[in-house]
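A short worksheet on the structure shown next.
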Amino acid sequence: MPTIGMREPVVSIICDTFNHGNYIRQCIDGFLMQKTDFAFEVLIHDDASSDGTADIIREYEAKYPEIIKPIYQTINQYSQKINIWEKFQFPRANGKYIALCEGDDYWTDSLKLQKQVNFLEANKDYSLCVGGFKKFNLSSNESDDIILLPENVLKTKNGFTFTLNNTKERWLTKTLTAVFYNDKNIFNQLGKYKYCRDIDLFYHLLKTGKGFYFTEVLGVYRIHEGGVNSMKQGKVNSNAAYNVYKELYLLNKDEFSRYMYLRNTLNTFINKLQLFFEAIPLVRTLKEFIFLFTALLSPHIKSKYKKWSLYRRYLP
């Protein structure tokens with residue numbers, strides 16, 4: 001629990017929920033178990049849940065009114081294509097820093113916030129802290145510790161420094177582990193994105209400063225049928241990612257967004273071809289050709305498109 005008597009929160013924890021009745025207690029308990037020498041607030045947004053999630057949140061609100069600060073919607077905002085972070089959450093955050101955690105995930109390290117805030121306080125050229133997490137699939141009851149150790153990063157005893165360019169092959173950021181500066185200038189930029197997702201947030205954060213990755217498990221990411229993204233079919237996620245990266249490039253047109261858009265376009269095209277070929281068993285030879293084509297092209301992708309002029313003409 002935060003230190004009693006400290007009024008202004010140093011961290012605003014943003015938690016979005018929708019029908020998380022089976023998980024929300026563990027999520028909130030993960031916030032309340034945090035051992036800090038500073039105050040924090042928990043900004044919960046319940047998006048018109050119909051499974052009793054709101055009733056559970058009200059229990060915690062009554063017990064910890066100085067910490068738990070909910071918004072209860074009567075009409076689902078996500079279905080109205082409203083950006084919850086931009087409209088409801090970021091504007092009311094009073095902390096110097098913001099932490100993220102969805103209502104179906106939870107933190108396991110009681111010193112998570114203290115360690116991340118200590119780091120950001122001591123390293124002003126960093127804008128973001130993330131870390132490892134456990135991925136737990138409720139359907140299969142399988143779990144894996146996800147702790148990334150990419151090449152070409154500055155490693156220390158407890159983690160490593162990374163930049164925007166280090167995320168080209170794989171994003172190193174996971175929302176449930178993220179702590180970052182409460183920067184209204186960055187949040188205002190999110191409003192220009194029609195397909196805004198956490199990718200856009202982390203993109204702008206890493207354009208303003210470096211990131212630090214703690215190589216330890218900080219929380220648990222649940223994969224379940226009720227998850228907004230975790231159990232979506234590949235086609236849905238693929239199309240969503242394509243829209244996000246295309247928009248990111250069109251609105252920024254820098255080297256990073258160009259690279260990510262082109263790579264995602266290629267991956268989307270190959271995925272669609274593979275699905276097509278899977279449905280036609282007689283064209284196995286052509287399918288193998290596609291795999292070979294992908295393998296041959298990969299070195300060009302990883303070498304940052306050495307023949308860039310050949311590809312640039314095909315971008316909008």
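For this chain, numbers begin at 1 and follow the sequence in order. Please read these numbers as outputs of a predicted model, since none were measured by experiment.
Applying the side chain to side chain donor-acceptor pair (under 3.5 Å) criterion to Asn166, with sequence neighbours excluded, gives Thr163.
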For Asn76 and Gln80, run side chain to side chain donor-acceptor pair (under 3.5 Å): C-alpha distance rounded to whole Å, both residues' side-chain angles, the deciding distance at 0.1 Å, then the answer. CA-CA 7 Å; Asn76 185 270; Gln80 305 296 313; over 6 Å; no
Verdict with supporting geometry, Phe212 and Phe160, ring pair (Phe, Tyr, Trp, His ring centres under 6.0 Å): CA-CA 6 Å; Phe212 188 81; Phe160 59 84; 7.3 Å; no
Given Thr215 and Tyr213, is the side-chain contact (heavy atoms from CB on, under 4.5 Å) satisfied, shown in steps? CA-CA 6 Å; Thr215 48; Tyr213 188 106; 4.0 Å; yes
Could you walk me through whether Gln73 and Tyr78 pass the side chain to side chain donor-acceptor pair (under 3.5 Å) check? CA-CA 11 Å; Gln73 298 288 357; Tyr78 181 82; over 6 Å; no
Please lay out, stage by stage, how Tyr60 and Asp29 fare under the test side chain to side chain donor-acceptor pair (under 3.5 Å). CA-CA 9 Å; Tyr60 283 91; Asp29 288 341; 2.9 Å; yes
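Counting heavy atoms from C-beta on, the side chains of Asp144 and Ile146 come closer than 4.5 Å. Side-chain contact between Phe90 and Leu43 is absent, with no heavy-atom pair separated by less than 4.5 Å. Asp109 has its side chain within reach of Lys115: a pair of non-hydrogen atoms, C-beta onward, lies under 4.5 Å apart. At least one side-chain heavy atom of Asn19 sits under 4.5 Å from a side-chain heavy atom of Ser50. Residues Gln114 and Gln34 fail the side-chain proximity criterion, which asks for heavy atoms closer than 4.5 Å. When side chains are defined from C-beta on, Thr265 counts as touching Tyr242, because their heavy atoms get closer than 4.5 Å. The shortest side-chain heavy-atom distance between Leu128 and Val179 does not fall under the 4.5 Å cut-off. Residues Pro150 and Leu172 meet the side-chain proximity criterion, which asks for heavy atoms closer than 4.5 Å.
Judged by the 6.0 Å and 45° rule, Lys168 forms no cation-pi pair with Phe256. Under a cutoff of 6.0 Å and an axis angle of 45°, Arg58 and Tyr72 form a cation-pi pair.
At a threshold of 4.0 Å, the pair Lys174-Asp198 does not count as salt-bridged, since none of the basic side-chain nitrogens sits closer than that to a carboxylate oxygen. Comment: Glu66 does not engage Lys69 in a salt bridge, judged by the lack of any side-chain N to carboxylate O separation of less than 4.0 angstrom.
Judged purely by atom type and a 3.5 angstrom limit, Asn83 uses its side chain to pair as donor or acceptor with the backbone of Trp85. Side-chain N or O atoms of Asp104 include none that pairs as donor or acceptor with a backbone N or O of Arg222 at under 3.5 Å.
The aromatic ring centroids of Tyr193 and His204 lie less than 6.0 Å from each other. The ring of Tyr97 has its center no closer than 6.0 angstrom to the ring center of Phe180. Aromatic pair Tyr106/Tyr23: ring centres not closer than 6.0 Å. Aromatic pair Phe38/Phe40: centroids not less than 6.0 angstrom apart. In this structure, Tyr261 has its ring center no closer than 6.0 Å to that of Tyr245.
Side-chain atoms of Lys207 and Tyr203 form a donor-acceptor pair, as typed in the model, at a separation below 3.5 Å.
Clustering of Ile, Leu, Val, Met, Phe, Trp and Tyr by side-chain heavy atoms under 4.5 Å joins Ile71 with Ile82, Ile84, Phe88.
Tracing side-chain contacts under 4.5 Å through hydrophobic residues (I, L, V, M, F, W, Y), one reaches Leu149 starting from Phe133; they form part of the same cluster.
By the 6.0 Å contact criterion, NZ on Lys81 is open, its count of non-hydrogen atoms from other residues, nucleotides or ligands being 12 or less.
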